[in-house]
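Shown next, in structure tokens, is the structure this report addresses.
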Protein chains: 2
Amino acid sequence: MANVRGGDLSRLRQLNALAAIRALREAGPLTLTALAERTGLSRPSTKEVVDELTGLGWVEEVPPNPGTMGRPARRYRFRADCGHLVGVDIGGHNIRAALSDLDGEILAETRQPVRPDDPLEERLAAIERAVSGCLALSGRAASDLWLVAAGTTGVVSPEGRVQFSAAIPAWIGLDLAGELARMFPCEVLVENDSRLAALAEARRGAARGARDVVFLHVGRRMGTGLIIDGKVHRGFGAAAGEIVMLPEARWYDAPDHLNTCAVVPPGTPEEDAAGFTLAAARDGDPAALAAVGRYVDDLAVGTAAMVLLLDPQVVVLGGGFSRSADVLLGPLRERLERACLRTPEVRASALGDECVVMGAIDYAVDHLDRHLFTPDAGPSLPLPQPAGR
Amino acid sequence: MANVRGGDLSRLRQLNALAAIRALREAGPLTLTALAERTGLSRPSTKEVVDELTGLGWVEEVPPNPGTMGRPARRYRFRADCGHLVGVDIGGHNIRAALSDLDGEILAETRQPVRPDDPLEERLAAIERAVSGCLALSGRAASDLWLVAAGTTGVVSPEGRVQFSAAIPAWIGLDLAGELARMFPCEVLVENDSRLAALAEARRGAARGARDVVFLHVGRRMGTGLIIDGKVHRGFGAAAGEIVMLPEARWYDAPDHLNTCAVVPPGTPEEDAAGFTLAAARDGDPAALAAVGRYVDDLAVGTAAMVLLLDPQVVVLGGGFSRSADVLLGPLRERLERACLRTPEVRASALGDECVVMGAIDYAVDHLDRHLFTPDAGPSLPLPQPAGR
DNA sequence: CTCCTAATGTAGGTCTCCTCTGTAACTGGC
DNA sequence: GCCAGTTACAGAGGAGACCTACATTAGGAG
């Protein structure tokens, strides 16, 4: 029983304003009559609501649709550009950033290469450069930002502190949320990167529309992200999805099967080895195919555990190795078919390297939806008045 | 974006009436001033709302609290008794039923012994007898029932069909929701029993207040129920929680360790064997302790998989063996401590055999809350007018 | 140029809530 | 037994938001 508060007339107006905003966000520019139909309000009331929202800067009139019978209807749209969001992907080798409008439409993207053993300061500076780049590309200022969401490798505490990271040693113990809050003049969210990737796939990628999704990050490191009932699942201590830690799930050492295959040229650095095996498997090399088989055998154990436990609608294969999804998908499906009670769809990531930034943006949009555009959600009133552009 | 509808004045009244009902349900009998404070409405408006609800039969006046300064305030309470819910636990050896009011307060309980190999008709008849018994005990008629929720062993499809059941062979393929709908003149819900047990523990049992809970049904058969974000997690095909099916989780054969221990007298029927081992372990018998150790070793593997994946706040140990929780809890905690990133609390079931019926009641209450007492929830208007008692 | 269509704008009415003022009921001290 | 103090109840008047109904306006078709 969350909310026990009633409300007066102004609350009703607020509700109706929110309904109008949501209708406009869902269905693009609408005429007053169309909007009235969608919100269930009468036209005069709808007009009053729209006028108020226009005054606040949330809504703007667009030219009418010509060529129709009768008097042309004025059309209104939600001003998604009245605020901006930034998503950041903090990886071992790259910092990616993207800037979007309030609808999550991406307006600019940048990438800053880094090295896993870069010192803390250098990496933080790269984050700042990546975001500044986005701002410059889109012609915005930092003060236009409403929300920055960052995804990082490693285990992130509920408060945004990095508790553990195999990929970025310097990151361990860092108060990432605090650092970012110092860096940007707006609210900051921090989340694990695989979870954000999962969210992106569930919202706009391979699992669009599914409410229960398991995202597998397969690559040199393994990770998972869970979407349950349409939301990112963090767990009580924000440590959900760490099934790699269980020896019986056979995930931790699984990539070794690909690294130690005979088709890998001697002297190949370990980080490139798997690529050779996967490529050879695609060409039908028997040794490589056998190695891939052993790899998928292991991969399928942990995956089956997740599927049996959660019964997701879709399993999405992402991460570095998902470029070779054509080689992996078939064998994985086949093994899940045998192990699971109900086999979910298994699909390759549709977003690739952009997965995490997109997920960060989607996470920020969700946050906004929940705290600004949802009635009964705490202090969320539609009051922030957007700048005049 | 679920709901895009606005509303008019009557909607506001409805919202405020719901707020009043929720406040009364949460905090018991309240005076007008107290209610006004909680709902945020003025006293005159609160009075009008309460009068309307009284007229509809949802609210009733109770004698004022004597011994206070000033004019005694009239007090009002939610009439939880204006409708009734039934929860049913369909097990292999017992059918349990409970009847509760709209707050989930249990008013009557019955039990009907059955045998696992009873024919379909006999088991359905036992369900009917169990519920009739509750009605008779509490002096109600079937027409007073608003909702019947049933938990059964086995895998239940989203539509309420039993897809598989190891414990009740005759049950497989049965359209249980359909059968119950024919039996009772009200809405019917069907769910897996372990999930309902998990819900009961999360609502009123060992994990009260936790939003992410893993319930382990340990007994002759193993099962799990997951509460995620405060709700029962079913999964896309309602097959969530079936980790027993995975050989690597080492759950399926785990009970054998207890059955084959030397302390079990020869000729003991298999269903009683584990009890001897657990009892001997409590008394410190070395062979029994070793068997329990092997059992918990296996139990911990699947459990660690769940904990690592979901990071629940609490793990609840329920089912037949949970009577011996004192013997099992320590070793299980210790093993989880080693295997998990963040070890959740591990507690014994607080509800025992009543777990599933209680969970069924809680499930029904949740359903009501969502569909009757929540604004913005589909056709949920506070119109059903309760009988005059 | 007129008719038709579809949207706009305005007026009056209703509903719900709020604030304010006066009245009622009970306790405790003298 | 009476009076002051305290607390709650009851009703009147007013404001805000929505609805319906009707008159008005702008563009396209014949």
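Remember, it's a predicted structure, so these values are computed and weren't measured experimentally. Computed over heavy atoms, backbone and side chain alike; hydrogens, waters and symmetry mates excluded.
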Original post:
More than 12 foreign heavy atoms under 6.0 Å from CD of B:E61: is that the case here?
Top reply: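 Atom CD in B:E61 is packed in, count exceeds 12.
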
In whole angstrom, give the distance that lies between atom [atom1] of [X] and atom [atom2] of [N].
X: A:L35; N: D:dC18; atom1: CG; atom2: P; answer: 13 Å
X: A:D51; N: D:dA17; atom1: CG; atom2: P; answer: 13 Å
X: B:R11; N: D:dC19; atom1: CZ; atom2: P; answer: 13 Å
X: A:R75; N: C:dA7; atom1: CZ; atom2: P; answer: 13 Å
X: B:Q14; N: D:dC18; atom1: CD; atom2: P; answer: 16 Å
X: B:E61; N: D:dA8; atom1: CD; atom2: C1'; answer: 12 Å
X: A:L12; N: C:dT14; atom1: CG; atom2: C1'; answer: 14 Å
X: A:E48; N: C:dT10; atom1: CD; atom2: P; answer: 12 Å

Does a side-chain N or O from [X] land closer than 4.0 Å to OP1 or OP2 of [N], or not?
X: A:S45; N: D:dA17; value: no
X: A:N16; N: D:dA17; value: no
X: B:R43; N: D:dA8; value: no
X: B:R74; N: D:dA10; value: yes

Original post:
A:M69 or B:P72: which one's nearest nucleotide on DNA chain C is closer to the 5' end?
Top reply: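 Nearest nucleotide further toward 5': that of A:M69.
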
Subject >> Closest-nucleotide 5' rank along DNA chain C - winner of A:L9 and A:K47 >> reply: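 In this pair, the answer is A:K47.
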
Original post:
So which nucleotide from C:dC17, C:dT19, C:dA7 ends up closest to the side chain of A:D8?
Top reply: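 Selected nucleotide (nearest to the side chain): C:dC17.
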
Subject >> Nearest-nucleotide pick for A:S10, side chain only, options being C:dC20, C:dC17, D:dA17 >> reply: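 It is D:dA17.
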
**OP:** Decide yes or no on side-chain contact (heavy atoms from CB on, under 4.5 Å) for B:V86 and B:F184, but give the supporting numbers first.
**Re:** CA-CA 10 Å; B:V86 160; B:F184 304 110; 6.0 Å; no

Original post:
Do the side chains of A:L107 and A:H84 get nearer than 4.5 Å, heavy atoms only?
Top reply: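 The answer is yes, as the side chains (C-beta and beyond) meet within the 4.5 Å cut-off.
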
Subject >> Short side-chain to backbone donor-acceptor contact, B:Q313 and B:V213, under 3.5 Å >> reply: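 No, the answer is negative, given that no donor and acceptor are paired below the 3.5 Å cut-off.
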
Subject >> Derivation of the side-chain contact (heavy atoms from CB on, under 4.5 Å) call for A:V365 and A:L85 >> reply: CA-CA 8 Å; A:V365 170; A:L85 311 173; 3.5 Å; yes

**OP:** Examine the base of C:dT8 for any acceptor or donor lying under 3.5 Å from a partner atom in the side chain of A:R71, and report the outcome as yes or no.
**Re:**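 For A:R71, whose side chain was compared with the base of C:dT8, there is no donor-acceptor pair (under 3.5 Å).
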
**OP:** Please figure out whether A:P44 or B:L32 has its closest DNA chain D nucleotide nearer the 5' end.
**Re:**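 Comparing both residues, the 5'-ward one is B:L32.
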
Original post:
Looking across every strand, which nucleic acid part, if any, lies under 4.0 Å from A:S42 by heavy atom: base, sugar-phosphate, or nothing?
Top reply: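 Base contact.
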
